[in-house]
There are 2 protein chains.
Amino acid sequence: MRLVIARCSVDYAGRLAAHLPEANRLIMVKADGCVAIHADGGAYKPLNWMNAPNTITETLDTEPPQWVITNPKQETLTITLHEVVSDSAHELGDDPGLQKDGVEAHLQELLAASPHAIEHGLTLVRREYPTAIGPIDLVCRDPDNTVVAIEVKRRGEIDGVEQLARYIERLELDSSLGTIRGVFVAQSIKPQAKVLAESRGFTWVEVDYDTLRGMAPDDLRLF
Amino acid sequence: MRLVIARCSVDYAGRLAAHLPEANRLIMVKADGCVAIHADGGAYKPLNWMNAPNTITETLDTEPPQWVITNPKQETLTITLHEVVSDSAHELGDDPGLQKDGVEAHLQELLAASPHAIEHGLTLVRREYPTAIGPIDLVCRDPDNTVVAIEVKRRGEIDGVEQLARYIERLELDSSLGTIRGVFVAQSIKPQAKVLAESRGFTWVEVDYDTLRGMAPDDLRLF
DNA sequence: TGGTGGATTTCGATC
DNA sequence: GATCGAAGTCCACCA
(Lines give C-alpha, C1' and ligand atoms only; values in the text may rest on other atoms or scores of the structure.)
Protein backbone atom coordinates (compact mmCIF):
# COMPACT_ATOMS: atom_id res chain seq x y z
CA MET A 1 0.00 0.00 0.00
CA ARG A 2 1.32 3.36 -1.04
CA LEU A 3 0.37 6.49 0.87
CA VAL A 4 0.97 9.91 -0.63
CA ILE A 5 0.17 13.13 1.17
CA ALA A 6 0.02 15.90 -1.39
CA ARG A 7 -1.48 19.20 -2.36
CA CYS A 8 -3.39 18.09 -5.41
CA SER A 9 -6.32 18.70 -7.71
CA VAL A 10 -8.35 15.89 -9.21
CA ASP A 11 -10.64 15.31 -12.17
CA TYR A 12 -12.86 12.32 -12.78
CA ALA A 13 -14.60 11.60 -16.05
CA GLY A 14 -16.72 8.50 -16.31
CA ARG A 15 -20.18 7.72 -15.07
CA LEU A 16 -20.31 11.43 -14.27
CA ALA A 17 -17.84 14.28 -14.31
CA ALA A 18 -16.33 15.54 -11.06
CA HIS A 19 -13.65 18.00 -10.07
CA LEU A 20 -11.69 18.58 -6.87
CA PRO A 21 -9.95 21.95 -6.45
CA GLU A 22 -6.40 22.12 -5.18
CA ALA A 23 -6.04 21.11 -1.52
CA ASN A 24 -4.05 18.82 0.78
CA ARG A 25 -5.23 15.24 0.69
CA LEU A 26 -4.23 11.62 1.19
CA ILE A 27 -3.86 9.50 -1.92
CA MET A 28 -4.07 5.80 -1.13
CA VAL A 29 -2.97 3.22 -3.68
CA LYS A 30 -3.72 -0.35 -2.73
CA ALA A 31 -1.89 -3.45 -3.89
CA ASP A 32 -4.63 -4.29 -6.39
CA GLY A 33 -4.13 -0.89 -8.02
CA CYS A 34 -7.23 0.82 -6.75
CA VAL A 35 -6.82 4.47 -5.83
CA ALA A 36 -8.70 6.55 -3.27
CA ILE A 37 -8.37 10.24 -2.44
CA HIS A 38 -9.28 11.16 1.11
CA ALA A 39 -9.90 14.47 2.81
CA ASP A 40 -9.34 14.84 6.55
CA GLY A 41 -12.96 14.19 7.46
CA GLY A 42 -16.24 12.85 6.20
CA ALA A 43 -16.58 9.23 7.26
CA TYR A 44 -14.76 6.57 5.34
CA LYS A 45 -15.84 7.48 1.85
CA PRO A 46 -13.14 9.03 -0.28
CA LEU A 47 -13.76 12.20 -2.26
CA ASN A 48 -12.77 10.43 -5.44
CA TRP A 49 -11.54 6.99 -6.35
CA MET A 50 -10.92 4.43 -9.05
CA ASN A 51 -11.50 0.77 -8.39
CA ALA A 52 -9.41 -2.08 -9.72
CA PRO A 53 -8.79 -3.14 -12.40
CA ASN A 54 -7.11 -0.06 -13.78
CA THR A 55 -3.89 1.34 -15.21
CA ILE A 56 -1.89 4.02 -13.42
CA THR A 57 0.40 6.23 -15.49
CA GLU A 58 2.69 8.64 -13.68
CA THR A 59 4.06 11.51 -15.73
CA LEU A 60 6.86 12.70 -13.48
CA ASP A 61 8.73 14.68 -16.13
CA THR A 62 5.97 17.21 -16.61
CA GLU A 63 5.37 20.17 -14.33
CA PRO A 64 3.31 19.70 -12.31
CA PRO A 65 3.50 15.90 -12.37
CA GLN A 66 0.26 14.01 -12.99
CA TRP A 67 -1.18 10.59 -12.42
CA VAL A 68 -3.65 9.39 -15.00
CA ILE A 69 -5.66 6.36 -13.95
CA THR A 70 -7.75 4.57 -16.57
CA ASN A 71 -10.00 1.56 -16.33
CA PRO A 72 -11.34 -0.76 -19.06
CA LYS A 73 -14.64 1.15 -19.09
CA GLN A 74 -12.70 4.21 -20.30
CA GLU A 75 -13.27 6.11 -17.09
CA THR A 76 -10.34 8.29 -16.13
CA LEU A 77 -9.13 9.82 -12.91
CA THR A 78 -6.51 12.53 -13.28
CA ILE A 79 -4.53 13.63 -10.23
CA THR A 80 -2.36 16.73 -10.55
CA LEU A 81 0.30 16.84 -7.85
CA HIS A 82 1.13 20.43 -7.01
CA GLU A 83 3.28 19.48 -4.03
CA VAL A 84 4.12 16.11 -2.51
CA VAL A 85 4.45 16.28 1.27
CA SER A 86 5.02 12.63 1.95
CA ASP A 87 5.28 9.42 -0.06
CA SER A 88 5.62 6.03 1.57
CA ALA A 89 4.84 2.40 0.83
CA HIS A 90 4.25 -0.65 3.00
CA GLU A 91 3.84 -4.31 2.24
CA LEU A 92 0.78 -5.53 4.11
CA GLY A 93 0.14 -8.94 2.62
CA ASP A 94 -3.21 -10.65 2.23
CA ASP A 95 -6.02 -10.05 4.64
CA PRO A 96 -7.84 -12.99 6.23
CA GLY A 97 -11.07 -11.03 5.81
CA LEU A 98 -13.95 -9.94 7.96
CA GLN A 99 -16.14 -12.28 9.96
CA LYS A 100 -19.66 -10.98 10.41
CA ASP A 101 -22.47 -12.12 12.61
CA GLY A 102 -25.96 -10.76 12.83
CA VAL A 103 -26.87 -9.78 9.28
CA GLU A 104 -30.18 -10.47 7.61
CA ALA A 105 -29.05 -13.76 6.10
CA HIS A 106 -28.38 -15.15 9.60
CA LEU A 107 -31.76 -14.03 10.80
CA GLN A 108 -33.41 -15.68 7.82
CA GLU A 109 -31.51 -18.93 8.46
CA LEU A 110 -32.55 -19.00 12.09
CA LEU A 111 -36.17 -18.33 11.20
CA ALA A 112 -36.14 -20.96 8.46
CA ALA A 113 -34.95 -23.46 11.07
CA SER A 114 -37.53 -22.27 13.58
CA PRO A 115 -40.65 -20.92 11.84
CA HIS A 116 -42.54 -21.51 15.07
CA ALA A 117 -40.78 -18.46 16.42
CA ILE A 118 -42.70 -16.36 13.92
CA GLU A 119 -46.11 -17.84 14.48
CA HIS A 120 -47.46 -20.92 16.20
CA GLY A 121 -47.82 -23.95 13.94
CA LEU A 122 -45.99 -22.66 10.86
CA THR A 123 -44.10 -25.15 8.71
CA LEU A 124 -41.55 -24.12 6.11
CA VAL A 125 -42.32 -24.69 2.44
CA ARG A 126 -39.26 -22.94 0.97
CA ARG A 127 -36.60 -20.36 1.62
CA GLU A 128 -35.94 -17.84 -1.16
CA TYR A 129 -39.10 -18.87 -2.98
CA PRO A 130 -38.68 -17.62 -6.57
CA THR A 131 -41.09 -15.22 -8.29
CA ALA A 132 -40.76 -13.13 -11.44
CA ILE A 133 -39.95 -10.05 -9.38
CA GLY A 134 -37.50 -11.67 -6.98
CA PRO A 135 -37.36 -14.32 -4.28
CA ILE A 136 -39.62 -14.38 -1.22
CA ASP A 137 -37.57 -14.81 1.95
CA LEU A 138 -39.73 -17.54 3.46
CA VAL A 139 -42.88 -19.31 2.33
CA CYS A 140 -44.68 -21.37 4.95
CA ARG A 141 -48.04 -23.02 5.57
CA ASP A 142 -50.05 -22.58 8.72
CA PRO A 143 -52.08 -25.31 10.50
CA ASP A 144 -55.07 -24.54 8.20
CA ASN A 145 -52.77 -25.15 5.22
CA THR A 146 -52.97 -21.49 4.22
CA VAL A 147 -49.88 -20.21 2.40
CA VAL A 148 -47.98 -17.62 4.42
CA ALA A 149 -45.46 -15.35 2.70
CA ILE A 150 -42.84 -13.94 5.06
CA GLU A 151 -40.51 -11.01 4.50
CA VAL A 152 -37.52 -10.88 6.82
CA LYS A 153 -35.62 -7.66 7.51
CA ARG A 154 -33.00 -6.70 10.02
CA ARG A 155 -34.73 -3.37 10.42
CA GLY A 156 -38.40 -3.13 9.61
CA GLU A 157 -39.25 -0.12 7.47
CA ILE A 158 -41.93 0.82 5.01
CA ASP A 159 -40.20 -0.41 1.89
CA GLY A 160 -40.02 -3.89 3.40
CA VAL A 161 -43.81 -3.94 3.74
CA GLU A 162 -44.16 -2.78 0.13
CA GLN A 163 -41.83 -5.55 -0.94
CA LEU A 164 -44.01 -8.11 0.83
CA ALA A 165 -47.11 -6.67 -0.83
CA ARG A 166 -45.53 -6.99 -4.26
CA TYR A 167 -44.54 -10.59 -3.63
CA ILE A 168 -47.99 -11.58 -2.48
CA GLU A 169 -49.58 -9.84 -5.43
CA ARG A 170 -47.24 -11.77 -7.70
CA LEU A 171 -47.84 -15.06 -5.90
CA GLU A 172 -51.57 -14.66 -6.38
CA LEU A 173 -51.06 -13.95 -10.09
CA ASP A 174 -48.58 -16.72 -10.76
CA SER A 175 -50.51 -19.56 -9.25
CA SER A 176 -53.72 -20.65 -7.63
CA LEU A 177 -52.54 -20.99 -4.06
CA GLY A 178 -55.73 -19.50 -2.66
CA THR A 179 -55.66 -16.70 -0.15
CA ILE A 180 -52.14 -15.84 0.90
CA ARG A 181 -51.31 -14.31 4.23
CA GLY A 182 -48.37 -11.97 4.72
CA VAL A 183 -46.14 -11.70 7.77
CA PHE A 184 -43.49 -9.00 8.19
CA VAL A 185 -40.65 -10.03 10.48
CA ALA A 186 -37.77 -7.91 11.75
CA GLN A 187 -35.66 -7.32 14.83
CA SER A 188 -37.38 -4.01 15.25
CA ILE A 189 -40.18 -2.50 13.22
CA LYS A 190 -40.83 1.22 12.90
CA PRO A 191 -44.27 2.44 13.90
CA GLN A 192 -45.07 3.60 10.37
CA ALA A 193 -44.17 0.18 8.99
CA LYS A 194 -46.43 -1.50 11.54
CA VAL A 195 -49.31 0.73 10.54
CA LEU A 196 -48.76 0.09 6.85
CA ALA A 197 -48.46 -3.67 7.39
CA GLU A 198 -51.73 -3.74 9.28
CA SER A 199 -53.51 -1.64 6.67
CA ARG A 200 -52.31 -4.12 4.03
CA GLY A 201 -53.79 -6.95 6.08
CA PHE A 202 -50.40 -8.32 7.13
CA THR A 203 -49.32 -9.29 10.58
CA TRP A 204 -45.91 -8.29 11.89
CA VAL A 205 -43.56 -9.87 14.39
CA GLU A 206 -40.51 -8.48 16.12
CA VAL A 207 -37.99 -11.17 16.92
CA ASP A 208 -34.90 -11.04 19.11
CA TYR A 209 -31.77 -12.23 17.38
CA ASP A 210 -29.99 -13.49 20.47
CA THR A 211 -33.05 -15.30 21.77
CA LEU A 212 -33.55 -16.89 18.38
CA ARG A 213 -29.96 -18.00 18.21
CA GLY A 214 -30.30 -19.57 21.64
CA MET A 215 -33.29 -21.64 20.55
CA ALA A 216 -32.54 -25.01 19.03
CA PRO A 217 -35.04 -26.03 16.34
CA ASP A 218 -36.10 -28.97 18.51
CA ASP A 219 -36.99 -26.70 21.40
CA LEU A 220 -39.38 -24.88 19.16
CA ARG A 221 -41.12 -28.02 17.92
CA LEU A 222 -42.27 -28.63 21.47
CA PHE A 223 -44.61 -25.67 21.37
CA MET B 1 -4.85 12.89 9.63
CA ARG B 2 -3.04 10.14 11.44
CA LEU B 3 -1.89 7.05 9.58
CA VAL B 4 -0.85 3.94 11.46
CA ILE B 5 0.44 0.82 9.77
CA ALA B 6 0.18 -2.04 12.20
CA ARG B 7 -0.31 -5.74 12.67
CA CYS B 8 -3.63 -5.64 14.45
CA SER B 9 -6.85 -7.46 15.22
CA VAL B 10 -10.17 -5.70 15.42
CA ASP B 11 -13.58 -6.27 16.97
CA TYR B 12 -16.72 -4.33 16.28
CA ALA B 13 -19.86 -4.63 18.37
CA GLY B 14 -22.82 -2.51 17.46
CA ARG B 15 -25.39 -2.87 14.73
CA LEU B 16 -23.83 -6.28 14.19
CA ALA B 17 -20.81 -8.13 15.51
CA ALA B 18 -17.67 -8.40 13.40
CA HIS B 19 -14.15 -9.64 13.93
CA LEU B 20 -10.90 -9.18 12.05
CA PRO B 21 -8.11 -11.67 12.73
CA GLU B 22 -4.55 -10.46 13.21
CA ALA B 23 -2.99 -9.04 10.03
CA ASN B 24 -1.15 -6.00 8.70
CA ARG B 25 -3.45 -3.09 7.96
CA LEU B 26 -3.70 0.67 7.67
CA ILE B 27 -5.53 2.49 10.43
CA MET B 28 -6.67 5.94 9.31
CA VAL B 29 -7.80 8.50 11.89
CA LYS B 30 -9.25 11.66 10.40
CA ALA B 31 -9.39 15.10 11.98
CA ASP B 32 -13.05 14.67 12.92
CA GLY B 33 -12.15 11.54 14.90
CA CYS B 34 -13.53 8.94 12.53
CA VAL B 35 -11.50 5.77 12.19
CA ALA B 36 -11.19 3.40 9.24
CA ILE B 37 -9.22 0.17 8.96
CA HIS B 38 -8.06 -0.69 5.46
CA ALA B 39 -6.59 -3.84 3.96
CA ASP B 40 -4.35 -3.66 0.92
CA GLY B 41 -7.19 -4.25 -1.54
CA GLY B 42 -10.93 -4.30 -1.93
CA ALA B 43 -11.99 -0.97 -3.38
CA TYR B 44 -12.34 2.02 -1.14
CA LYS B 45 -14.49 0.53 1.58
CA PRO B 46 -12.63 -0.19 4.78
CA LEU B 47 -12.87 -3.55 6.53
CA ASN B 48 -14.09 -1.86 9.67
CA TRP B 49 -14.76 1.71 10.70
CA MET B 50 -16.33 4.04 13.20
CA ASN B 51 -17.78 7.33 12.08
CA ALA B 52 -17.67 10.61 13.98
CA PRO B 53 -18.73 11.55 16.56
CA ASN B 54 -16.85 9.14 18.78
CA THR B 55 -14.36 8.84 21.59
CA ILE B 56 -10.97 7.22 21.10
CA THR B 57 -9.23 5.77 24.15
CA GLU B 58 -5.67 4.51 23.74
CA THR B 59 -4.41 2.14 26.42
CA LEU B 60 -0.70 2.24 25.74
CA ASP B 61 0.39 0.80 29.08
CA THR B 62 -1.20 -2.61 28.50
CA GLU B 63 0.38 -5.36 26.44
CA PRO B 64 -0.62 -5.43 23.69
CA PRO B 65 -1.84 -1.85 23.53
CA GLN B 66 -5.43 -1.28 22.49
CA TRP B 67 -7.58 1.45 21.07
CA VAL B 68 -11.19 1.44 22.16
CA ILE B 69 -13.45 3.67 20.10
CA THR B 70 -16.96 4.32 21.36
CA ASN B 71 -19.79 6.36 19.91
CA PRO B 72 -22.93 7.78 21.57
CA LYS B 73 -24.97 4.82 20.29
CA GLN B 74 -22.80 2.56 22.45
CA GLU B 75 -21.20 0.89 19.50
CA THR B 76 -17.58 -0.02 20.11
CA LEU B 77 -14.62 -0.70 17.88
CA THR B 78 -11.66 -2.33 19.59
CA ILE B 79 -8.29 -2.37 17.86
CA THR B 80 -5.55 -4.52 19.36
CA LEU B 81 -2.12 -3.41 18.15
CA HIS B 82 0.21 -6.39 18.07
CA GLU B 83 2.95 -4.47 16.28
CA VAL B 84 3.13 -0.90 15.06
CA VAL B 85 5.15 -0.58 11.84
CA SER B 86 4.60 3.10 11.20
CA ASP B 87 2.77 5.98 12.83
CA SER B 88 2.59 9.40 11.24
CA ALA B 89 0.34 12.45 11.24
CA HIS B 90 -0.26 15.27 8.77
CA GLU B 91 -2.24 18.46 8.94
CA LEU B 92 -4.35 18.68 5.79
CA GLY B 93 -6.78 21.50 6.53
CA ASP B 94 -10.29 21.86 5.20
CA ASP B 95 -11.33 20.52 1.84
CA PRO B 96 -13.15 22.71 -0.70
CA GLY B 97 -15.30 19.73 -1.64
CA LEU B 98 -16.35 17.88 -4.75
CA GLN B 99 -18.07 19.39 -7.77
CA LYS B 100 -20.28 16.94 -9.69
CA ASP B 101 -21.91 17.01 -13.09
CA GLY B 102 -24.12 14.37 -14.70
CA VAL B 103 -26.37 13.21 -11.90
CA GLU B 104 -30.11 12.50 -12.02
CA ALA B 105 -31.04 16.17 -11.76
CA HIS B 106 -29.19 16.86 -15.02
CA LEU B 107 -30.98 14.02 -16.77
CA GLN B 108 -34.29 15.45 -15.64
CA GLU B 109 -33.34 18.89 -16.96
CA LEU B 110 -32.44 17.50 -20.36
CA LEU B 111 -35.67 15.53 -20.59
CA ALA B 112 -37.70 18.55 -19.54
CA ALA B 113 -36.11 20.45 -22.42
CA SER B 114 -36.71 17.58 -24.85
CA PRO B 115 -39.80 15.57 -23.85
CA HIS B 116 -39.98 14.30 -27.43
CA ALA B 117 -37.03 12.10 -26.56
CA ILE B 118 -39.29 10.18 -24.19
CA GLU B 119 -42.28 9.75 -26.47
CA HIS B 120 -43.38 11.27 -29.76
CA GLY B 121 -45.57 14.35 -29.38
CA LEU B 122 -45.18 14.94 -25.65
CA THR B 123 -45.31 18.51 -24.38
CA LEU B 124 -44.15 19.52 -20.93
CA VAL B 125 -46.71 20.74 -18.42
CA ARG B 126 -44.39 21.03 -15.41
CA ARG B 127 -41.19 19.81 -13.84
CA GLU B 128 -41.31 18.77 -10.19
CA TYR B 129 -45.10 18.79 -10.24
CA PRO B 130 -46.15 18.96 -6.58
CA THR B 131 -48.36 16.36 -4.89
CA ALA B 132 -49.07 15.66 -1.23
CA ILE B 133 -46.53 12.84 -1.19
CA GLY B 134 -43.78 14.60 -3.09
CA PRO B 135 -43.05 16.11 -6.48
CA ILE B 136 -43.47 14.23 -9.76
CA ASP B 137 -40.35 14.55 -11.90
CA LEU B 138 -42.16 15.50 -15.11
CA VAL B 139 -45.80 15.94 -16.04
CA CYS B 140 -46.59 16.16 -19.76
CA ARG B 141 -49.54 15.90 -22.14
CA ASP B 142 -49.58 13.68 -25.20
CA PRO B 143 -51.15 14.59 -28.58
CA ASP B 144 -54.54 13.28 -27.33
CA ASN B 145 -54.22 15.70 -24.39
CA THR B 146 -53.90 12.82 -21.96
CA VAL B 147 -51.88 13.62 -18.84
CA VAL B 148 -48.60 11.66 -18.69
CA ALA B 149 -46.74 11.34 -15.40
CA ILE B 150 -43.04 10.61 -15.82
CA GLU B 151 -40.59 9.29 -13.27
CA VAL B 152 -36.94 9.83 -14.17
CA LYS B 153 -34.16 7.69 -12.74
CA ARG B 154 -30.54 7.31 -13.61
CA ARG B 155 -30.95 3.58 -13.08
CA GLY B 156 -34.37 2.01 -13.35
CA GLU B 157 -35.22 -0.32 -10.50
CA ILE B 158 -38.38 -1.57 -8.87
CA ASP B 159 -38.51 1.20 -6.27
CA GLY B 160 -38.82 3.80 -9.02
CA VAL B 161 -41.83 2.04 -10.51
CA GLU B 162 -43.51 1.98 -7.11
CA GLN B 163 -42.79 5.66 -6.69
CA LEU B 164 -44.47 6.38 -10.03
CA ALA B 165 -47.48 4.26 -9.03
CA ARG B 166 -47.88 6.21 -5.79
CA TYR B 167 -47.70 9.52 -7.61
CA ILE B 168 -50.31 8.54 -10.19
CA GLU B 169 -52.60 7.20 -7.48
CA ARG B 170 -52.26 10.55 -5.75
CA LEU B 171 -52.79 12.55 -8.94
CA GLU B 172 -56.02 10.70 -9.60
CA LEU B 173 -57.22 11.47 -6.08
CA ASP B 174 -56.22 15.11 -6.02
CA SER B 175 -57.90 16.22 -9.21
CA SER B 176 -60.06 15.25 -12.14
CA LEU B 177 -57.42 15.05 -14.80
CA GLY B 178 -59.01 11.97 -16.35
CA THR B 179 -57.00 8.87 -17.08
CA ILE B 180 -53.32 9.36 -16.36
CA ARG B 181 -50.62 7.43 -18.12
CA GLY B 182 -47.33 6.60 -16.48
CA VAL B 183 -43.94 6.44 -18.14
CA PHE B 184 -40.81 5.19 -16.41
CA VAL B 185 -37.61 6.68 -17.85
CA ALA B 186 -34.02 5.76 -17.03
CA GLN B 187 -30.63 5.32 -18.64
CA SER B 188 -31.03 1.59 -18.08
CA ILE B 189 -33.93 -0.35 -16.63
CA LYS B 190 -33.64 -3.72 -14.91
CA PRO B 191 -35.77 -6.58 -16.23
CA GLN B 192 -37.78 -6.90 -13.02
CA ALA B 193 -38.56 -3.20 -13.10
CA LYS B 194 -39.76 -3.53 -16.69
CA VAL B 195 -42.03 -6.41 -15.70
CA LEU B 196 -43.47 -4.47 -12.79
CA ALA B 197 -43.94 -1.32 -14.86
CA GLU B 198 -45.83 -3.24 -17.54
CA SER B 199 -48.00 -5.01 -15.00
CA ARG B 200 -48.88 -1.59 -13.56
CA GLY B 201 -49.88 -0.44 -17.04
CA PHE B 202 -46.91 1.89 -17.45
CA THR B 203 -44.62 2.17 -20.41
CA TRP B 204 -40.89 2.45 -19.93
CA VAL B 205 -38.15 4.13 -21.96
CA GLU B 206 -34.39 3.81 -21.79
CA VAL B 207 -32.59 7.02 -22.80
CA ASP B 208 -28.92 7.73 -23.46
CA TYR B 209 -27.48 10.64 -21.50
CA ASP B 210 -24.85 11.64 -24.04
CA THR B 211 -27.25 11.46 -26.98
CA LEU B 212 -29.71 13.55 -25.03
CA ARG B 213 -27.08 16.11 -24.17
CA GLY B 214 -26.13 16.32 -27.83
CA MET B 215 -29.70 17.02 -28.88
CA ALA B 216 -30.74 20.64 -28.94
CA PRO B 217 -34.37 21.17 -27.96
CA ASP B 218 -35.04 22.62 -31.42
CA ASP B 219 -33.84 19.50 -33.15
CA LEU B 220 -36.43 17.51 -31.34
CA ARG B 221 -39.28 19.79 -32.20
CA LEU B 222 -38.73 18.89 -35.84
CA PHE B 223 -40.03 15.36 -35.31
C1' DT C 1 -20.44 -12.71 -16.42
C1' DG C 2 -24.45 -10.15 -15.40
C1' DG C 3 -28.58 -9.47 -12.47
C1' DT C 4 -30.55 -8.83 -7.87
C1' DG C 5 -30.89 -7.29 -3.16
C1' DG C 6 -28.53 -6.15 1.37
C1' DA C 7 -25.57 -2.70 3.73
C1' DT C 8 -22.53 -1.02 10.42
C1' DT C 9 -24.61 1.40 3.46
C1' DT C 10 -23.00 7.02 3.14
C1' DC C 11 -24.55 11.45 1.88
C1' DG C 12 -27.33 15.40 1.12
C1' DA C 13 -31.80 17.86 1.00
C1' DT C 14 -35.96 18.72 3.05
C1' DC C 15 -39.37 18.94 6.49
C1' DG D 1 -33.57 15.40 14.41
C1' DA D 2 -36.12 12.25 11.40
C1' DT D 3 -37.23 11.00 6.80
C1' DC D 4 -36.61 10.29 2.05
C1' DG D 5 -34.08 9.42 -2.06
C1' DA D 6 -29.61 9.28 -4.76
C1' DA D 7 -25.09 7.09 -5.24
C1' DG D 8 -19.32 6.79 -9.87
C1' DT D 9 -23.06 3.53 -4.32
C1' DC D 10 -20.02 -1.35 -2.80
C1' DC D 11 -20.64 -6.14 -2.11
C1' DA D 12 -21.88 -11.09 -2.15
C1' DC D 13 -24.65 -14.43 -4.02
C1' DC D 14 -26.63 -16.85 -7.70
C1' DA D 15 -28.07 -17.78 -12.42
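In the text below, chain A, chain B and the rest are named by the order of the sequence lines, each starting its count at 1. Computed from a predicted structure; not experimentally measured.
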Heavy-atom closest pair (B:Ser9 atom, B:Pro21 atom, distance to 0.1 Å) is CB-C, 4.1 Å
Is the distance from OP1 or OP2 of [N] to the nearest side-chain N or O of [X] less than 4.0 Å?
| X | N | value |
| --- | --- | --- |
| B:Arg155 | D:dG8 | no |
| A:Trp49 | D:dC10 | yes |
| A:Asn51 | D:dC10 | yes |

Whole angstroms only, please: what is the [atom1]-[atom2] distance between [X] and [N]?
| X | N | atom1 | atom2 | answer |
| --- | --- | --- | --- | --- |
| A:Asp95 | D:dC11 | CG | P | 13 Å |
| B:Leu47 | C:dT8 | CG | P | 12 Å |
| B:Lys190 | D:dA15 | NZ | P | 17 Å |

Mind checking if [X] touches a base, just sugar-phosphate, or nothing, with heavy atoms under 4.0 Å?
| X | result |
| --- | --- |
| A:Arg154 | sugar-phosphate |
| B:Met50 | nothing |
| A:Tyr12 | base |
| A:Gly102 | nothing |
| B:Lys45 | sugar-phosphate |
| B:Gln192 | sugar-phosphate |
| A:Gln163 | sugar-phosphate |

Testing B:Glu119, B:Glu151, B:Glu172 for salt bridge (Lys or Arg N to Asp or Glu O under 4.0 Å) with B:Arg181, which one passes?
-> B:Glu119
Can you check whether B:Cys8's main-chain N or O pairs, donor with acceptor, with B:Arg25's side chain at less than 3.5 Å?
-> yes
Donor-acceptor pair, side chain of A:Ser114 and main chain of A:Leu111, under 3.5 angstrom | no
In whole angstrom, give me the gap between the P atoms of C:dT8 and D:dG5.
-> 22 Å
In whole angstrom, give me the gap between the C1' atoms of D:dA7 and D:dC11.
-> 14 Å
Pick the nucleotide of DNA chain C nearest each of B:Ile158 and A:Lys100; which residue has the one closer to the 5' end?
-> B:Ile158
Of A:Asn48 and B:Ala43, whose nearest nucleotide on DNA chain D comes first from the 5' end?
-> A:Asn48
